[in-house]
Each structure stands twice: as structure tokens, then as C-alpha cells.
Asker: 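First the structure, then my questions, so here it is.
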Amino acid sequence: MSMAVFMTQDPTNSFQWMVFLAQKYSRLFLQGMWITLYVAVIGTLGGFLLGFLIGIVEDMKISADDSPVKKVLIRVLKIICKVYVELFRGTPMIVQAMIIFYGISQTGVQISPDIAGILVTLLNTGAYMTETVRAGINSIDAGQKEGALSLGMSPLNAMFMVILPQAFKNIIPEMANTFLTNLKMTSVLNVIGVSELFMMAKTAGGTYYKYFESYLVIALIYLVLCFIFNRIFKLIEKKMSVRKNYALAIEYMTND
Amino acid sequence: MENEILLSVEQLNKSFGDHEVLKQIDFSVTGGEVICIVGSSGSGKSTLLRCINRLEHQTSGKIYYHGQEVRDIQSEVNKYRAKVGMVFQSFNLFNNMSVLKNCMAATQKVLHLPQEEAFSRAIKHLKSVGMAPYINAMPDQLSGGQKQRVAIARSLCMNPELLLFDEPTSALDPEMVGEVLNVMKALAETGLTMLIVTHEMGFARDVSTRTIFMDKGYIAEDDVPERLFTNPQNPRTREFLSRFISG
């Protein structure tokens, strides 16, 4: 450590510059890391929720004897969802960020870049999660739903009690994937002034004109963050997997 | 409930695209009856059962339950299904729940029974099918026959007026078929009204109070098993049963 401190007084090579920048601007990088995490976590969680809601709407069925109001309502909901998914999957996140941030600002509503950034991440994630959730729901054998319905459960009850808990397990890897993507994609939010890692690296590198080294620092931070989260997700996945033991719990009660 | 018409099916037709699966189906179920529906694969037996449980929708025709038309309005269908249960060929136990939870989920959610009552009801019916020792097991820890017995108990917990069985033993090996049929036989003796699609001719002959033979989407013959199995009137029934006897 003392070696590193000594070297950073007068950096000569790229490695030394990295250490120098990381030390001198440690507060900037930590702050950037915090904002990156904050936007990614909240945006992703909100996006998951939105994706689940839309995935459920897309799975709704209209039956012939439903009331006209219900039929129209479901149709309109489905169209709104379709348009939203098409729009957000068909445009780059960086463009969405610009349009949402400047669009909202133009209506006179004050919106902080951080909130806009969360909103963009959320909407973007939601659009992709919809497909994941739909695929997850479809991956569950139709018999599970029929079993629930045949007992008089409503389709919504069947969804929440039987199908989603099983689908959820299947889509955890994809959710983890989406979160890691988001963690990195927040970097584009610097265009609307969110002071996340990328923005901080730009600032830190600018003073000494050492962009290469500064970006290497945040590359390392991104890498470590992704590595840690990846491990966490793997752990969750393992915890969620069904217990596969065939020794049955017979001790509880005898059958007489 | 005895001798009262529970369910009647009138002029039911069902097509999948151009393919007509059910043609002018007319029959009714009286309380206490145990009706077996037999016939070759593709004759429309399962589709008929699925129409009755509203998992499929007929192209035309009507189904009446206690004289009331069964309409496809979700809240009405839910109430109707709570009274008309169904047991499936593929068991359809909830894979995310233990045996006990499987039997308690609907009684709590649909019938709004308090937990203790749902529990005691589940235990009672699990005992009657011999699955009480397995209440903590997950479905994938059970054999096919055990799963089906749990599925039957799960349906019984709803206190159904009519229980539909869609080839309950077709996915089982011969040893397990016996354990499930025994449970169903015992159920028939309790007076539960049952409508059973099956390929188990011996069971249909011995247990049913009425047997329906379906052929190419029609009800070809509908008679007491004593006559249907010994002196079938329809040549197709005779052909089908002769194959069963010689096979």
C-alpha cells in the first residue's frame, strides 16, 4: 500500500495513473458507483414489476360470454401493452433517455436526471421482461392452470398461486441477466446528466487528460460489481431450486 | 340429490377447425350415478368431459347444471367448477406445493374455509385415499399412482356434487392402475356422482351404473353395463368390445 501511495505522487505509467486517479477521485468514483447501483436496482426492480403486470395482461383471455365492458377493457389494455413493448424494444435506450428527459422538461415539469434515468431503465426493462415473463408462463405445463381452474380458482388466483411461483423460478437466470445488462447500460444515462460511473470517469479523466486510465478504473469497478452480483444470483438460484430428496416425510402421521 | 338430474347436455357439437369432434351429444347425469364413458381414442370422450368442465367451449349446444344453463361468465364458471370437480390423466398436482398444500389451496382460496377446517378436511380425504403419510411430500417425490390419489383427494376436499375423471389411469403402470381404481371404486360406493372416461373395461363393467360408448363423436350406445357389455345393440360397440375381450 505504501508503495502505491509513493508511486501515485508522480505517476509515470498507465497503471500508476489508474491508482493515482482512483485515489484522487475516490469520492467521485464511489458516488458514481452509488448512483449507478441505485438507478440500476430501482429501475430493474420496477421494470420487473411492470414486466410481470404486462405479462399477466398478455396472458388474459377473453371469453364469449364476458360483459362488453370487460371485453373492451381487456382489448384496450392489450393494445396499450403491445404498443409500449414495440416502442421500447424498437428504439435505443440512449434515444429513449433523451426523449423522456427533454420531453418531460418541455412540459414544464421539473424532473431530476436521476429520476428520469430510473424511469428510462424501468420502462426499458419492463418491455424486455414482458417477453421473458410470457415465455416463463408458457413454460409451465398447461395442466397446472387447468388443475387450478378445475377446483374453481379464478384465472388470476391460478396465476398468482400456481403458475407465477413456478414460472418465477424458471426466469430467475434471465432476470439476473437483465439486471447485469442494466448495471452496464446505465452508462448511457450520462447523456442526460445522471452522475453515474461513466460520467464520473469522464470528469476524473478530463483534469489530467487521462481518459484511458480513468475508463480503465471504471471498467474494473463494473467488472467487480457484475462479478459480485452474478455470484449472488447464482446463490439465489440454488436456494430456489426444488429439494430433490426422495426420502419422504412419513413420520408426521400414520395412515389409519 | 338422489334421482335429481344434476347435469344435462343438449345437442352439444364441438369442432376444432374443420374437424368435428363431438356431434349432437345428448345425455344427462342423475345424482348418485356412476357413468363410464368408453370408446376408442379420438372418439371425443375427453373433449366431452373438458366441455363439461368448461376447459373447452362447445361450437353449439348447451349444458345445464341443476336446470340452469352453464354460461361462460368467469364468476359463474368458478362457482360451477367448485361443485363439478375434475381429475386429470396427467394428475396436474401443483408442483410448487406440498401434498397438504395441494389439498388446502382451493378450499381456503375458493371456499374460504378457515385454516383448521381446510386442514382437517384435507387430512380426512388424504386418509381415505391412503396418502395421509405423505402430506409433506412434494409432487415430484411421488409415484404416478400416489399423485393421482392425491389429485382425487384434492378434488374431494371441495365436496363436489359431481366428479369428472378424464382417463385417470391411462398414464399409470398396471400396478398403479389397481391402487387408483380401488380408490375410485370405494368412492362409487359412497354414492358420489361420477362421470368417468376410461379404457378400463373391467372397471366400467363392474363399477358403473351406466356405460356410454362413444364412436366418432357420437354417443353410439348408452345403457346399463350388464346389457352393454354382454349384448350390445350397436354393431360398432360390438366390434369395439370384441377387440377388448380378445385383446
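Here is how names work: the chains are called A, B, and so on, in the same order as the sequence lines, proteins then strands, and each is numbered from 1.
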Asker: Tell me whether the count of non-hydrogen atoms from other residues, nucleotides or ligands lying under 6.0 Å of CZ in B/F27 goes above 12.
Answerer: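 Correct, the count exceeds 12.
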
Asker: Spell out, as yes or no, whether a donor-acceptor pair under 3.5 Å connects the side chain of B/Q74 to the backbone of A/S154.
Answerer: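 Not a single qualifying donor-acceptor pair exists.
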
Asker: Quick one: of A/S150, A/S67, A/A148, who has the most non-hydrogen atom pairs under 4.5 Å with chain B?
Answerer: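 Looking at each option in turn, the highest pair count goes to A/S150.
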
Asker: Below 4.5 Å from any heavy atom of chain A, which atoms of B/F88 appear? Answer side chain, backbone, both or neither.
Answerer: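 Interface part for B/F88: side chain.
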
Asker: Closest approach of B/R81 and A/L149, non-hydrogen atoms and distance?
Answerer: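 The answer is CD-O, 2.9 Å.
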
Asker: Relative to chain A, which segment of B/V77 carries a heavy atom at a distance below 4.5 Å: side chain, backbone, both, or neither?
Answerer: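 Contact with chain A involves no heavy atom of B/V77 at all.
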
Asker: For A/K145, is it the side chain, the backbone, both, or neither that has a heavy atom closer than 4.5 Å to a heavy atom of chain B?
Answerer: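 A/K145 has no heavy atom closer than 4.5 Å to chain B.
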
Asker: Relative to chain B, which of A/G152, A/P165, A/P155 shows the most heavy atom pairs under 4.5 Å?
Answerer: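 Most heavy-atom pairs within the cutoff with chain B belong to A/G152.
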
Asker: About how many Å separate NZ of A/K61 and CG of B/D72, when rounded to the nearest 0.5 Å?
Answerer: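 Here the interatomic distance stands at 14.0 Å.
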
Asker: Apply side-chain contact (heavy atoms from CB on, under 4.5 Å) to the pair A/V162 and B/M97, showing each step before the final yes or no.
Answerer: CA-CA 8 Å; A/V162 178; B/M97 298 181 197; 4.1 Å; yes

Asker: Verify the neighbour count for atom OH of A/Y38: are there more than 12 heavy atoms of other residues, nucleotides or ligands below 6.0 Å?
Answerer: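 Not more than 12 within 6.0 Å, no.
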
Asker: Considering only heavy atoms and a distance below 4.5 Å, find which of B/L55, B/N53, B/N96, B/V87 pairs most often with chain A.
Answerer: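 Between B/L55, B/N53, B/N96, B/V87, the count favours B/N96.
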
Asker: I want to check something: taking the side chain as every heavy atom from C-beta on, are B/R50 and A/E146 in contact at a cut-off of under 4.5 Å?
Answerer: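 B/R50 reaches A/E146 side chain to side chain.
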
Asker: Hey, is NZ on B/K62 packed in by over 12 heavy atoms from elsewhere, all under 6.0 Å?
Answerer: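 No, the 6.0 Å shell around NZ holds no more than 12 heavy atoms from other groups.
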
Asker: So with a 6.0 Å cut-off around NZ of A/K78, is the heavy-atom count from everything else above 12?
Answerer: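 Counting neighbours around NZ of A/K78, more than 12 heavy atoms of other residues, nucleotides or ligands fall under 6.0 Å, so yes.
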
Asker: I'd like to check B/T107 versus A/L151 (side-chain heavy atoms, cut-off strictly below 4.5 Å). Are they in contact?
Answerer: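 Not touching, per the 4.5 Å side-chain cut-off.
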
Asker: Taking atom CD of B/E69 as the centre, report whether more than 12 heavy atoms of other residues, nucleotides or ligands fall under 6.0 Å from it.
Answerer: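 Enclosed.
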
Asker: Look up atom CE in A/M153 and atom CG in B/N78, then write down how far apart they are to the nearest 0.5 Å.
Answerer: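 One gets 10.5 Å once the value is rounded to the nearest 0.5 Å.
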
Asker: Do you know which two heavy atoms are closest between B/A105 and A/M161, and how far apart they sit?
Answerer: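 Closest heavy-atom pair between B/A105 and A/M161: CB-CE, 3.9 Å.
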
Asker: At a heavy-atom separation under 4.5 Å, does B/L93 approach chain A through its side chain, its backbone, both, or neither?
Answerer: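 The backbone, not the side chain.
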
Asker: Less than 4.5 Å to any heavy atom of chain A: does that hold for the side chain of B/M86, its backbone, both, or neither?
Answerer: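 Both backbone and side chain.
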
Asker: If you count every heavy atom of other residues, nucleotides or ligands that lies below 6.0 Å from A/E86 atom CD, does the total exceed 12?
Answerer: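 It does not: A/E86 CD has 12 such atoms or fewer within range.
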
